[in-house]
*Asks:* 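For reference, the structure I am asking about is given below.
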Amino acid sequence: MSRFLFCLSLWLLGTVAQAHAELRLAVAANFADTLEALAADYQASTGDKVTVVRGSSGKLYAQIVQGAPFDIFFSADADRPKALEAKGLIATGSRQPYALGQLVLWPAGPTPEDALKAFAYSRFSIANPRLAPYGKAAMEVLTKLAILDKAQPRLVRGENISQAYQYVYSGNAEAGLLARSQMRNDDDFWEVPTNWYAPIEQQRVVMKNSKQQRAAEQFLAFMQTEAAEARILSAGYRLPGAR
């Protein structure tokens, strides 16, 4: 969306003259740093206050079901937004993809594909597949390569993808299947072929009980500006439609 269209959307939403809003955003751990950067850009341009609460998609989903007062939920998958929609907890039509996640092997070494298939690691980190979509995708990769039985006793499972990253970073695991968004460009990582796991389509929803519906729509319009999309791409995600 161009800057002109973004400004036009502000006018259409009638938000220009209203008092500054306060938004509470719940976000999956993998996208938290990116969303905080976007929120800072947004606050600087609008003056609206934005609070970002990070966690695993599973835990945030449970908090929302129990009534946690979030305005927008950025999940790491599509399953939990769909489940919230089925429960009647989201604003009509608000469930949309916002990014496509990518799985990487880190550290990669000189022959990453061969190393992964041989699976000689003593401790290997993934996110908990019951709570985190990146963990579920990692299990799909291990299954596809027919190394799951070999890998199972050596897996170290983080509560979310950030904790899985910390296990490798701290030396508590030799390597792991992690999120591309966690890597710096000069890190020794290898992008796992995207046809080895189901697409990690990350969806967001506006909560039905949010008292900031207009401000939420304004923030989501901001996320479709060229500048915001460029930040999402530079963080290691693909955009919806770029399968």
Side-chain angles (χ1 to χ4, degrees), residues 25-40 52-61 73-77 79-80 98-110 112-113 115-116 119-145 147-148 151-194 196-204 231-238:
L25 312 180
V27 59
N30 78 90
F31 196 70
D33 289 345
T34 304
L35 189 62
E36 286 187 348
L38 289 167
V52 175
V53 178
R54 63 174 69 196
S56 70
S57 295
K59 287 205 167 184
L60 291 171
Y61 168 82
F73 174 38
F74 293 85
S75 182
D77 65 2
D79 293 343
R80 290 172 178 87
Y98 65 91
L100 299 174
Q102 300 182 80
L103 204 63
V104 300
L105 173 67
W106 179 66
E113 184 172 342
L116 186 59
F119 208 87
Y121 310 102
S122 59
R123 291 171 64 84
F124 191 82
S125 183
I126 66 171
N128 187 331
R130 292 188 298 105
L131 298 174
Y134 283 86
K136 181 180 177 182
M139 293 294 279
E140 291 172 0
V141 170
L142 298 175
T143 301
K144 178 180 178 61
L145 298 180
I147 55 174
L148 182 57
Q152 280 281 18
R154 309 177 193 180
L155 292 180
V156 182
R157 295 175 177 84
E159 183 175 275
N160 53 50
I161 196 64
S162 294
Q163 193 173 65
Y165 172 87
Q166 286 298 324
Y167 286 144
V168 181
Y169 182 80
S170 63
N172 288 313
E174 293 175 73
L177 287 172
L178 306 169
R180 168 66 182 87
S181 58
Q182 296 171 301
M183 301 293 112
R184 299 169 304 184
N185 288 332
D186 58 350
D187 281 337
D188 174 31
F189 66 88
W190 176 63
E191 292 188 4
V192 177
T194 55
W196 287 13
Y197 56 94
I200 306 174
E201 181 176 278
Q202 305 195 188
Q203 292 192 350
R204 50 74 171 171
R231 187 181 284 282
I232 293 171
L233 286 169
S234 67
Y237 298 94
R238 292 177 296 144

*Asks:* What closest approach, in Å, do Gly176 and Val168 show between heavy atoms, and which atom pair accounts for it?
*Replies:* N-CG2, 3.9 Å

*Asks:* For Arg54, what residues pass the salt bridge (charged side-chain N to carboxylate O under 4.0 Å, His left out) criterion, not counting sequence neighbours?
*Replies:* Asp33, Glu36

*Asks:* Thr194 and Arg238: side chain to side chain contact (heavy atoms under 4.5 Å, CB included), yes or no, with the steps?
*Replies:* CA-CA 11 Å; Thr194 55; Arg238 292 177 296 144; 4.0 Å; yes

*Asks:* I need the minimum non-hydrogen distance between Ala127 and Ala164, along with the two atoms involved.
*Replies:* N-CB, 3.7 Å

*Asks:* Under the side chain to side chain donor-acceptor pair (under 3.5 Å) test, which residues partner Glu140, sequence neighbours left out?
*Replies:* none

*Asks:* For Asp79, give me all partners under salt bridge (charged side-chain N to carboxylate O under 4.0 Å, His left out), at least two apart in sequence or on another chain.
*Replies:*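 Applying salt bridge (charged side-chain N to carboxylate O under 4.0 Å, His left out) to Asp79 gives Lys136.
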
*Asks:* For Leu178 versus Ser125, what's the shortest heavy-atom pair and its separation?
*Replies:*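 Scanning both residues, the minimum pair turns out to be CD2-O, 4.5 Å.
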
*Asks:* Under a 4.5 Å cut-off applied to non-hydrogen side-chain atoms, are Gln152 and Met139 in contact?
*Replies:*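 Yes - at least one pair of side-chain heavy atoms lies under 4.5 Å apart.
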
*Asks:* Kindly determine whether Asn160 and Asn128 satisfy side chain to side chain contact (heavy atoms under 4.5 Å, CB included), including the steps that lead there.
*Replies:* CA-CA 6 Å; Asn160 53 50; Asn128 187 331; over 6 Å; no

*Asks:* Using the test side chain to side chain contact (heavy atoms under 4.5 Å, CB included), find all partners of Thr143 that sit at least two apart in sequence or belong to another chain.
*Replies:* Leu148

*Asks:* Are Leu177 and Tyr197 close enough, and set up right, to give a side chain to side chain contact (heavy atoms under 4.5 Å, CB included), and what steps lead you there?
*Replies:* CA-CA 12 Å; Leu177 287 172; Tyr197 56 94; over 6 Å; no

*Asks:* With Ala26, which residues qualify under side chain to side chain contact (heavy atoms under 4.5 Å, CB included), at least two apart?
*Replies:* Leu60, Phe70, Phe73

*Asks:* Atom CD1 in Ile126, atom CD1 in Ile161: separation rounded to 0.5 Å?
*Replies:* 8.5 Å

*Asks:* Mind listing the closest non-hydrogen atom pair of Ala235 and Thr34 along with its distance?
*Replies:* CB-OG1, 3.3 Å

*Asks:* Considering the options Arg80, Gln203, Glu201, which one meets the side chain to side chain contact (heavy atoms under 4.5 Å, CB included) requirement together with Ser75?
*Replies:* Arg80

*Asks:* In chain order, what residues pass the ring pair (Phe, Tyr, Trp, His ring centres under 6.0 Å) check against Tyr237, with sequence neighbours excluded?
*Replies:* Phe31

*Asks:* Tell me, please, which residues at least two apart from Lys144 pass salt bridge (charged side-chain N to carboxylate O under 4.0 Å, His left out).
*Replies:* none

*Asks:* Which residue pairs pass the salt bridge (charged side-chain N to carboxylate O under 4.0 Å, His left out) test with at least one member in residues 160-184, sequence neighbours excluded?
*Replies:*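 Residue pairs with at least one partner in residues 160-184: Arg180-Glu191, Arg184-Asp186, Arg184-Asp187.
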
*Asks:* State, to 0.1 Å, how close Ala39 and Val52 come at their nearest heavy-atom pair, and which atoms those are.
*Replies:*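 Nearest pair, atom of Ala39 first, then Val52: CB-CG2, 4.2 Å.
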
*Asks:* Output all residues satisfying side chain to side chain donor-acceptor pair (under 3.5 Å) with Gln202, sequence neighbours left out; order by chain, then residue number.
*Replies:*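 Once residues adjacent in sequence are excluded, the partners of Gln202 under the side chain to side chain donor-acceptor pair (under 3.5 Å) criterion are Asn30, Tyr98, Tyr134.
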
*Asks:* Show me the pairs that pass ring-ring contact (aromatic ring centres under 6.0 Å, His included) and involve residues 152-180, at least two apart or across chains.
*Replies:* Trp106-Tyr165, Tyr165-Tyr169

*Asks:* Measuring from atom OG of Ser56 to atom CG of Leu131, what distance do you get when rounded to the nearest 0.5 angstrom?
*Replies:* 5.0 Å

*Asks:* State, to 0.1 Å, how close Ala137 and Ile200 come at their nearest heavy-atom pair, and which atoms those are.
*Replies:* CB-CD1, 3.8 Å

*Asks:* Once side chain to side chain contact (heavy atoms under 4.5 Å, CB included) is applied, do any residues pair with Leu233, and if so which ones, sequence neighbours excluded?
*Replies:* Leu239

*Asks:* One pair to check against side chain to side chain contact (heavy atoms under 4.5 Å, CB included): Glu159 and Lys59. What are the steps and the verdict?
*Replies:* CA-CA 10 Å; Glu159 183 175 275; Lys59 287 205 167 184; 3.1 Å; yes

*Asks:* Among all residues two or more places apart in sequence or in another chain, which pass the side chain to side chain contact (heavy atoms under 4.5 Å, CB included) test with Arg154?
*Replies:*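 Scan of Arg154 (side chain to side chain contact (heavy atoms under 4.5 Å, CB included), adjacent residues dropped) gives Phe119, Lys150.
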
